[in-house]
Amino acid sequence: MTEYEKKLMLTEAEYDVTNNLFGNLSSKTQTNYYFDTGDFSMNKKGITCRIREKDGIFKATVKNHSSKHYDCSIEEDLVKKTEFDPRIFNEKGLSCQGKLVTHRTIIYKDALCEMVLDRNTYLGYTDYELEVEYCENSEKKALWLLEDIAEKLVNIKLLGDVDNLLDRIGKGKSKSQRFFERKRDGRC
């Protein structure tokens with residue numbers, strides 16, 4: 001499956017204000033368990049091997065991040081189970097390197113786009129991001145949704161102008177890249 005997404009990192013204040021703008025939306029928690037070799041060879045190739053636990057289901061996935069298109073990746077689901085089973089990756093010489101827990105709030109969803117607000121906790125660190133996943137021909141709508149959020153943050157004087165937020169699109173690293181960078185640097 002090809003995944004298209006626009007994402008950008010937020011400050012904690014931007015996250016809190018954006019979260020409050022949408023009232024009492026419910027959040028769900030998902031946990032990514034990342035697998036790699038001891039020298040992180042998969043991550044260095046732009047490949048993420050993970051088991052994601054969401055709603056009691058554990059799904060093993062291999063995700064190839066595009067080096068040419070920051071907003072496109074290819075995901076291959078390998079297996080779904082009702083229990084954590086690392087053997088699918090262990091048999092390939094990969095071991096669990098740790099986990100990243102995401103508290104996700106869906107702030108917009110229709111047939112073409114889904115915009116989420118994520119608070120990610122991993123290796124003793126927390127970061128925040130805004131992400132829009134969209135269908136192949138819906139990039140303009142995804143950008144419009146992000147621009148709408150930026151305008152709201154400008155209106156309440158949290159941002160100076162819309163470009164303060166929109167200029168961050170595509171400059172942040174993926175969750176797995178941030179996780180492995182922190183792990184490599186020993187910031188656990």
Side-chain angles (χ1 to χ4, degrees), residues 1-32 34 43 45-55 57 59-78 80 100-120 127-156 158-179:
M1 167 181 88
T2 302
E3 179 181 76
Y4 297 93
E5 61 186 6
K6 302 276 185 204
K7 66 169 57 189
L8 53 93
M9 302 305 297
L10 298 174
T11 66
E12 184 175 6
E14 291 165 346
Y15 170 87
D16 289 339
V17 168
T18 304
N19 199 29
N20 290 333
L21 285 172
F22 292 92
N24 293 324
L25 297 174
S26 64
S27 294
K28 289 195 171 203
T29 300
Q30 63 187 36
T31 303
N32 289 344
Y34 293 118
N43 180 256
K45 294 175 189 172
I47 299 171
T48 299
C49 298
R50 72 172 185 228
I51 295 176
R52 174 175 285 167
E53 187 275 322
K54 182 176 169 184
D55 298 328
I57 301 296
K59 182 167 57 169
T61 303
V62 175
K63 186 172 184 176
N64 287 286
H65 302 275
S66 174
S67 59
K68 295 179 181 179
H69 304 287
Y70 70 87
D71 59 346
C72 180
S73 60
I74 307 293
E75 284 191 18
E76 179 186 357
D77 294 336
L78 304 177
K80 286 183 186 179
L100 180 146
V101 178
T102 299
H103 296 280
R104 172 165 282 183
T105 303
I106 299 172
I107 57 178
Y108 178 86
K109 183 174 183 168
D110 68 12
L112 302 175
C113 295
E114 178 177 277
M115 183 163 47
V116 299
L117 194 57
D118 288 345
R119 183 181 74 229
N120 307 297
D127 65 27
Y128 310 89
E129 64 188 323
L130 181 63
E131 180 178 305
V132 180
E133 292 184 12
Y134 59 94
C135 295
E136 185 175 6
N137 296 314
S138 300
E139 182 176 13
K140 286 182 182 179
K141 183 170 185 175
L143 290 168
W144 177 83
L145 289 168
L146 291 170
E147 187 175 319
D148 184 58
I149 295 293
E151 288 172 358
K152 286 175 171 43
L153 295 177
V154 168
N155 288 340
I156 60 171
L158 190 60
L159 291 177
D161 63 62
V162 170
D163 289 338
N164 286 101
L165 193 71
L166 298 182
D167 286 344
R168 297 182 213 166
I169 296 171
K171 295 189 175 133
K173 297 175 180 171
S174 71
K175 287 175 177 65
S176 62
Q177 289 168 322
R178 297 190 314 268
F179 172 89

S.K.: Show your working on side chain to side chain contact (heavy atoms under 4.5 Å, CB included) between K59 and K54 and close with a plain yes or no.
M.R.: CA-CA 8 Å; K59 182 167 57 169; K54 182 176 169 184; over 6 Å; no
S.K.: Check whether more than 12 heavy atoms from other residues, nucleotides or ligands sit under 6.0 Å from atom NZ of K173, and answer yes or no.
M.R.: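 Counting neighbours around NZ of K173, 12 or fewer heavy atoms of other residues, nucleotides or ligands fall under 6.0 Å, so no.
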S.K.: Of the non-hydrogen atoms in S176 and N43, which two are nearest, and what is the gap between them?
M.R.: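 Closest approach of S176 to N43: O-ND2, 3.9 Å.
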S.K.: How long is the span from the CG atom in N120 to the NE2 atom in H103, to the nearest 0.5 Å?
M.R.: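 Separation between the atoms: 9.0 Å.
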S.K.: Please name the residue in the list L21, I149, V116 that meets the side-chain contact (heavy atoms from CB on, under 4.5 Å) test with I107.
M.R.: I149
S.K.: To the nearest 0.5 angstrom, please state how far the CZ atom of R104 sits from the CD atom of E129.
M.R.: 7.5 Å
S.K.: Which of these, D118, N19, T18, sits in a side-chain contact (heavy atoms from CB on, under 4.5 Å) with T105?
M.R.: N19
S.K.: Do D110 side-chain atoms and C113 backbone N/O form a donor-acceptor pair below 3.5 Å?
M.R.: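 It does hold such a pair.
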S.K.: Looking at every non-hydrogen atom in both residues, tell me the closest pair between C49 and V62 and how far apart they are.
M.R.: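 Result for this residue pair: SG-CG2, 4.3 Å.
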S.K.: Side-chain contact test, heavy atoms from C-beta onward, threshold under 4.5 Å: evaluate it for L10 versus R168 and give yes or no.
M.R.: yes
S.K.: Working to the nearest 0.5 angstrom, can you tell me the gap between E139 CD and Y4 OH?
M.R.: 10.0 Å
S.K.: What's the spacing between Y34 OH and Q177 CD if we round to 0.5 Å?
M.R.: 10.0 Å
S.K.: Could you go through L159 and E14, starting from their C-alpha distance and side-chain angles, then the distance that decides it, and tell me whether this counts as side chain to side chain contact (heavy atoms under 4.5 Å, CB included)?
M.R.: CA-CA 9 Å; L159 291 177; E14 291 165 346; 3.3 Å; yes
S.K.: Report the residue from I169, L8, L145 that forms a side-chain contact (heavy atoms from CB on, under 4.5 Å) with L130.
M.R.: L8
S.K.: Below 4.5 Å, heavy atoms only, C-beta onward: do V101 and T29 meet side chain to side chain?
M.R.: yes
S.K.: Which atoms form the tightest heavy-atom contact between A142 and K6, and what is the distance?
M.R.: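 So the minimum-distance heavy-atom pair works out to CB-CG, 4.3 Å.
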S.K.: Measure the spacing between OG of S138 and CD of E133 and express it to the nearest 0.5 Å.
M.R.: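 Rounded to the nearest 0.5 Å, the OG-CD separation comes to 12.5 Å.
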S.K.: With side chain to side chain contact (heavy atoms under 4.5 Å, CB included) as the criterion, how do D161 and N164 come out once you've worked through the C-alpha distance, each side chain's angles and the decisive distance to 0.1 Å?
M.R.: CA-CA 6 Å; D161 63 62; N164 286 101; 3.3 Å; yes
S.K.: Before giving the answer on side chain to side chain contact (heavy atoms under 4.5 Å, CB included), spell out for Y134 and K141 the whole-Å C-alpha distance, their side-chain angles and the decisive distance to 0.1 Å.
M.R.: CA-CA 8 Å; Y134 59 94; K141 183 170 185 175; over 6 Å; no
S.K.: Nearest 0.5 Å, please: how far is OG1 in T31 from CZ in R52?
M.R.: 9.5 Å
S.K.: Looking at N20 and D16, would you say the former's side chain and the latter's main chain have a donor-acceptor pair under 3.5 Å?
M.R.: yes
S.K.: Tell me the closest heavy-atom pair linking C135 and A111, and the distance in Å.
M.R.: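 Heavy atoms of C135 and A111 come nearest at SG-O, 3.5 Å.
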